[in-house]
2 protein chains.
Amino acid sequence: MDNRAKLLEQALHLFAQRGYDAIGVQEIVEHVGVTKPTLYHYFGSKRGLLEALINERLQPLIDRLAQATSNANDVPASLATIFQLYFDFAQAEPLLYRMQLAMWFSLPDNEAFQIVAVSSAQQQALLESFFVRASSFHGNMRGRQRVYAATLLGTINTYIGLWLSGAVQATPQIIHQAVQQFSYGIYS
Amino acid sequence: MDNRAKLLEQALHLFAQRGYDAIGVQEIVEHVGVTKPTLYHYFGSKRGLLEALINERLQPLIDRLAQATSNANDVPASLATIFQLYFDFAQAEPLLYRMQLAMWFSLPDNEAFQIVAVSSAQQQALLESFFVRASSFHGNMRGRQRVYAATLLGTINTYIGLWLSGAVQATPQIIHQAVQQFSYGIYS
DNA sequence: CTTTCTCTATACCGATAAGTATAGAGAAAG
DNA sequence: CTTTCTCTATACTTATCGGTATAGAGAAAG
């Protein structure tokens, strides 16, 4: 593992534990055992470090979501796939998911929020596009795709939060319940 | 408005805009037009300032929640009251609600999280107790009260987040939909 | 009047923030 | 061999961080 990868890994651990703002560049390089110019050589700035982390590690989630939302013929099946996909990703990258969740809920003028906002907007856009295309099967959306996408992510994150805190296990039953709970809002 | 109240007000604005960690004590006192010893006279520390903010301004929410959860005879009616109560509070104190939401989702080792965790735990406890008492009407809870309380708060916060971002209005219909969506998970 | 208490300002503390100028080590390319 | 490029360390910058020692102003209490 080269220094670049070590820096990303350590930054993830520290950001996910205490938050982006609370962690100094010095602290990251000390944990890795290098010095600041090494970090600035690879990433240019603290912000660039977080951007690299988000872009490289969160991209697989976006890619899989793009695939799962590409077909809107069978909405219930796609929803189940989407929920499963998020659970799988959160289980594979718990630190990353926890970090991006915290940053997504941080405030608008916060630097971390603005960096994560890019990938969050991508997820939101993919879901909205999915719901628009599903409207041929479920009537005209009339702008509701935005609310649907947001409540879908909200439901997903509620259950993933529950799993991250150890309150539930990631069983097929729980995932099914999450899908059903969201679906109630959509089909009613 | 005395300096103490001004400091609390300005701290709320700044914390809700950029986050607790991103705001320095100096910045707060400059906006108010006083100096640091004034702030430290009233609050002792930056942490004390946030604690005062949370304790004083979030207490009405806790109090109303305690009242709304005191009776578990009519669960659907209580749920509607609880949702309404949170919406009313978020509308009356949008900055405060946004701030506590961000802090609740911030990371475990973060100072802001630990301060907000106290009042969050109170809300969680009131809801869990409500569900336990409701079990006489809905069968044994068998530990599910924790999941119920968390998904209830998750549903509430999803809809309030939607309202805070301007995606929905706080109409009775939306509140009813939120109640129904949560209820689906409970009665199914 | 004097003492006491509450509140606030000036000026400072050591520590840390993000970021950089300079230089050198080592490998690769000519 | 020399040049060039990539990577990293020492040592430093300026600004800000949370917090405080000291002192004074003004009101209240005796």
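Proteins come first, then strands; the chains are lettered A, B, ... in the order of their sequence lines, and each starts at number 1.
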**Q** Tell me every residue that passes ring pair (Phe, Tyr, Trp, His ring centres under 6.0 Å) with A/Trp104, counting only those two or more places apart in sequence or in another chain.
**A**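 If we apply the ring pair (Phe, Tyr, Trp, His ring centres under 6.0 Å) test to A/Trp104, skipping adjacent residues, the hits are A/Phe113.
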**Q** By the definition side chain to side chain donor-acceptor pair (under 3.5 Å), identify the one residue from B/Gln180, B/Gln181, B/Gln177 that meets it with A/Tyr184.
**A**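 Only one of B/Gln180, B/Gln181, B/Gln177 forms a side chain to side chain donor-acceptor pair (under 3.5 Å) with A/Tyr184, namely B/Gln180.
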**Q** A/Phe15 pairs by side chain to side chain contact (heavy atoms under 4.5 Å, CB included) with which of A/Ile28, A/Leu96, A/Leu95?
**A**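 Of A/Ile28, A/Leu96, A/Leu95, side chain to side chain contact (heavy atoms under 4.5 Å, CB included) with A/Phe15 is met by A/Ile28 alone.
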**Q** According to the Watson-Crick and G-U wobble definitions, with both distances under 3.5 Å, which nucleotide is paired to D/dA25?
**A**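 Matched D/dA25 with C/dT6 under the 3.5 Å cut-off.
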**Q** Is any side-chain heavy atom of B/Glu27 closer than 4.5 Å to one of B/Arg18?
**A**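 Sidechains of B/Glu27 and B/Arg18: in contact.
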**Q** Going by purine N1 to pyrimidine N3 plus the second Watson-Crick contact, or the G-U wobble pair, all under 3.5 Å, which nucleotide sits opposite D/dT20?
**A**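 When the pairing criteria are applied, C/dA11 turns out to be the nucleotide that pairs with D/dT20.
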**Q** For A/Gln67 and A/Asp63, what are the C-alpha separation, side-chain angles and deciding distance, and is it a side chain to side chain donor-acceptor pair (under 3.5 Å)?
**A** CA-CA 6 Å; A/Gln67 217 215 323; A/Asp63 293 343; over 6 Å; no
**Q** Round to the nearest Å and state the distance from B/Phe43 atom CZ to D/dT20 atom P.
**A**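 Whole-Å distance recorded here is 16 Å.
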**Q** Just by protein heavy atoms under 4.0 Å, how would nucleotides 6-24 of chain C read 5' to 3' in B, S and -?
**A** -SBBB------SBBBB---
**Q** Side chains of B/Gln59 and B/Asn55 only: does a donor on one sit below 3.5 Å from an acceptor on the other?
**A**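 No, no side-chain donor-acceptor contact under 3.5 Å.
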**Q** Scan nucleotides 3-5 of chain D against the protein and return all N/O pairs shorter than 3.5 Å with their distances rounded to 0.1 Å.
**A**
none

**Q** Report yes if the side chains of A/Tyr148 and A/Leu152 come closer than 4.5 Å at any heavy-atom pair, otherwise no.
**A**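 No - every pair of side-chain heavy atoms lies 4.5 Å or more apart.
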**Q** Below 4.5 Å, heavy atoms only, C-beta onward: do A/Thr158 and B/Thr155 meet side chain to side chain?
**A**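 SC-SC contact between A/Thr158 and B/Thr155 ruled out.
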**Q** Determine which nucleotide pairs with D/dG30, using a 3.5 Å limit on both distances of a Watson-Crick or G-U wobble pair.
**A**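 In the structure as shown, D/dG30 has C/dC1 as its Watson-Crick or wobble partner.
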